[in-house]
Number of protein chains: 2
Amino acid sequence: MSENELNAEHKIIEAAAAVFVEKGYEGARMQQIADKAGINKALLHYYYRSKDLLFEKAFLTVASSIFSKFFDAFNTEGSIFEKIENFLTLHQDLLFKHRKYPVFFFNEITRKPELIKKLISRLDVSEKFEKLSQQFEQEKRDGIIRSDIEVPHLMVNIVSLSVFPYIGRPIIQEIMSEFDVSYEKFLDERRSMIAQFVINSIKA
Amino acid sequence: MSENELNAEHKIIEAAAAVFVEKGYEGARMQQIADKAGINKALLHYYYRSKDLLFEKAFLTVASSIFSKFFDAFNTEGSIFEKIENFLTLHQDLLFKHRKYPVFFFNEITRKPELIKKLISRLDVSEKFEKLSQQFEQEKRDGIIRSDIEVPHLMVNIVSLSVFPYIGRPIIQEIMSEFDVSYEKFLDERRSMIAQFVINSIKA
DNA sequence: ATACAATTTAACCAACTGGTCAAAAGTATA
DNA sequence: TATACTTTTGACCAGTTGGTTAAATTGTAT
């Protein structure tokens, strides 16, 4: 088996992920997934039994791969400000590469919240967040960031600012186009702006 | 016709909006909408021809009602900081009341971006944003907010911070539950935190 | 070459979906 | 009350959907 001639099992997951992200669970069709994978529809059921199980497998595969990268960004050398910048660079790169993923992801976990428990138990989220949280608390004690900063809020703020322009893209882009602002340029500006905005608001 | 005995046309829109928000366009069933409205399925088509047209009518009705309120918050007396606080209070009240709306809204406009043009032309968005933008620029010239603040980014930042905890609720809530943080409390804390966070980062 | 298991397919199916239609029920007008 | 209209309904339909099955094909070990 060569590297680009994947086996059916793997081809199916790739095709399923692409179709599910594009159309959502309800809008996706098993036939379309089979076509994209270049196989017969019955083979989908041979390997993954049902649409539900195929979705879960594809969802968890892609989500695990993406989320595990997020934590890596904080396991780098440097100050807390540099780490925030590292995370945002990685986050923005991934968002740029997978523009449709955020809306898909948040829609599906809202439709079926059990997915989150399965995703979290795959990655070692608790432990990683614990470390991250302690790091922020240390920076507070060291007087590097403001002592009234609540760490959970700060983390949510950083992700919010980074991901929302991709979730709300159609409406923000349309409004901005009326003011002749290019959305590509807008997104690019945000790369440095967000870090600046966050750091401004937390530095002691 | 009494006030709570609505006519069929109106009952249908209310039922449609509820089912569409709950299940999304693809997941919603005409039969379920008819049941919720307490009428026959054929009557849906009698009034609104097709699922597509019914969806568009229900979507635009609800979205227009919500969005028009947003602009009101900025047409109040007081400093720019008070206006930001006003907007965030209203925004958070609406989000609390319609928790499932954001994910529905952003999913549907991603699926069908034409909806945005129709929504924007209904409200007088261009004019309202122009006014709002000029107001921010004036505050910059008056030295009340930092002169390097880009207004479009600031507006997106404010909305991002406010709405994201409702979009990402399932995953944030699950992670926080592992650290014994109540999500209700977390959302409540954000009401004052967001305004503080934004003002910290823009005040001159 | 043969037997056996794993993979892949074409054909099929029952359930469901959005949508139609002709008839019935209701309502106003003369 | 007879007439013309709008509103509401039950029954129905064609197309689509996820899923099944038995047979064919391929791979593999003996």
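Numbers restart at 1 for each chain; the letters A, B, ... are given by sequence-line order, proteins then strands. Keep in mind the model is a prediction, meaning the values are calculated, not measured.
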Using modelled atom types and a 3.5 Å cut-off, is there a donor and acceptor pairing between side-chain atoms of A/K51 and backbone atoms of A/A28? yes
Find the distance [X]:[atom1] to [N]:[atom2] and express it as a whole number of Å.
{"X": "B/K41", "N": "D/dC12", "atom1": "NZ", "atom2": "C1'", "value": "10 Å"}
{"X": "A/E9", "N": "C/dT7", "atom1": "CD", "atom2": "P", "value": "8 Å"}
{"X": "A/H45", "N": "C/dA6", "atom1": "NE2", "atom2": "P", "value": "21 Å"}
{"X": "A/R29", "N": "D/dG15", "atom1": "CZ", "atom2": "P", "value": "17 Å"}
{"X": "A/R49", "N": "D/dG19", "atom1": "CZ", "atom2": "P", "value": "10 Å"}
{"X": "B/Q31", "N": "D/dA11", "atom1": "CD", "atom2": "P", "value": "13 Å"}
{"X": "A/N7", "N": "C/dT8", "atom1": "CG", "atom2": "C1'", "value": "14 Å"}
{"X": "A/Y46", "N": "D/dT26", "atom1": "OH", "atom2": "C1'", "value": "12 Å"}

Can you figure out which of [options] approaches the side chain of [X] most closely?
{"X": "B/K51", "options": "D/dG19, D/dT8, C/dG18", "answer": "C/dG18"}
{"X": "A/M30", "options": "D/dT9, D/dG19, D/dT8", "answer": "D/dG19"}
{"X": "A/L43", "options": "D/dG10, C/dG18, C/dT8", "answer": "C/dT8"}
{"X": "B/A42", "options": "C/dA6, C/dG18, D/dT9", "answer": "D/dT9"}
{"X": "A/A8", "options": "D/dT9, C/dT8, D/dG18", "answer": "C/dT8"}

Using a heavy-atom cut-off of 4.0 Å across all strands, would you classify [X] as base, sugar-phosphate, or nothing?
{"X": "A/Y48", "answer": "nothing"}
{"X": "B/A34", "answer": "nothing"}
{"X": "B/I39", "answer": "sugar-phosphate"}

Which is it for B/F70 and B/L94 under the side chain to side chain contact (heavy atoms under 4.5 Å, CB included) test, yes or no, and what are the steps along the way? CA-CA 10 Å; B/F70 292 161; B/L94 283 170; 3.5 Å; yes
Show, in sequence, the C-alpha distance, side-chain angles and deciding distance for B/Y48 and B/F55, and conclude whether the ring pair (Phe, Tyr, Trp, His ring centres under 6.0 Å) test is met. CA-CA 9 Å; B/Y48 298 101; B/F55 174 83; over 10 Å; no
Heavy atoms from other residues, nucleotides or ligands near CZ of B/F96 exceed 12 (cutoff 6.0 Å): no
Just to verify, which of B/F67, B/F20, B/F105 counts as forming a ring-ring contact (aromatic ring centres under 6.0 Å, His included) with B/F59?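 So the option named by the test is B/F105.
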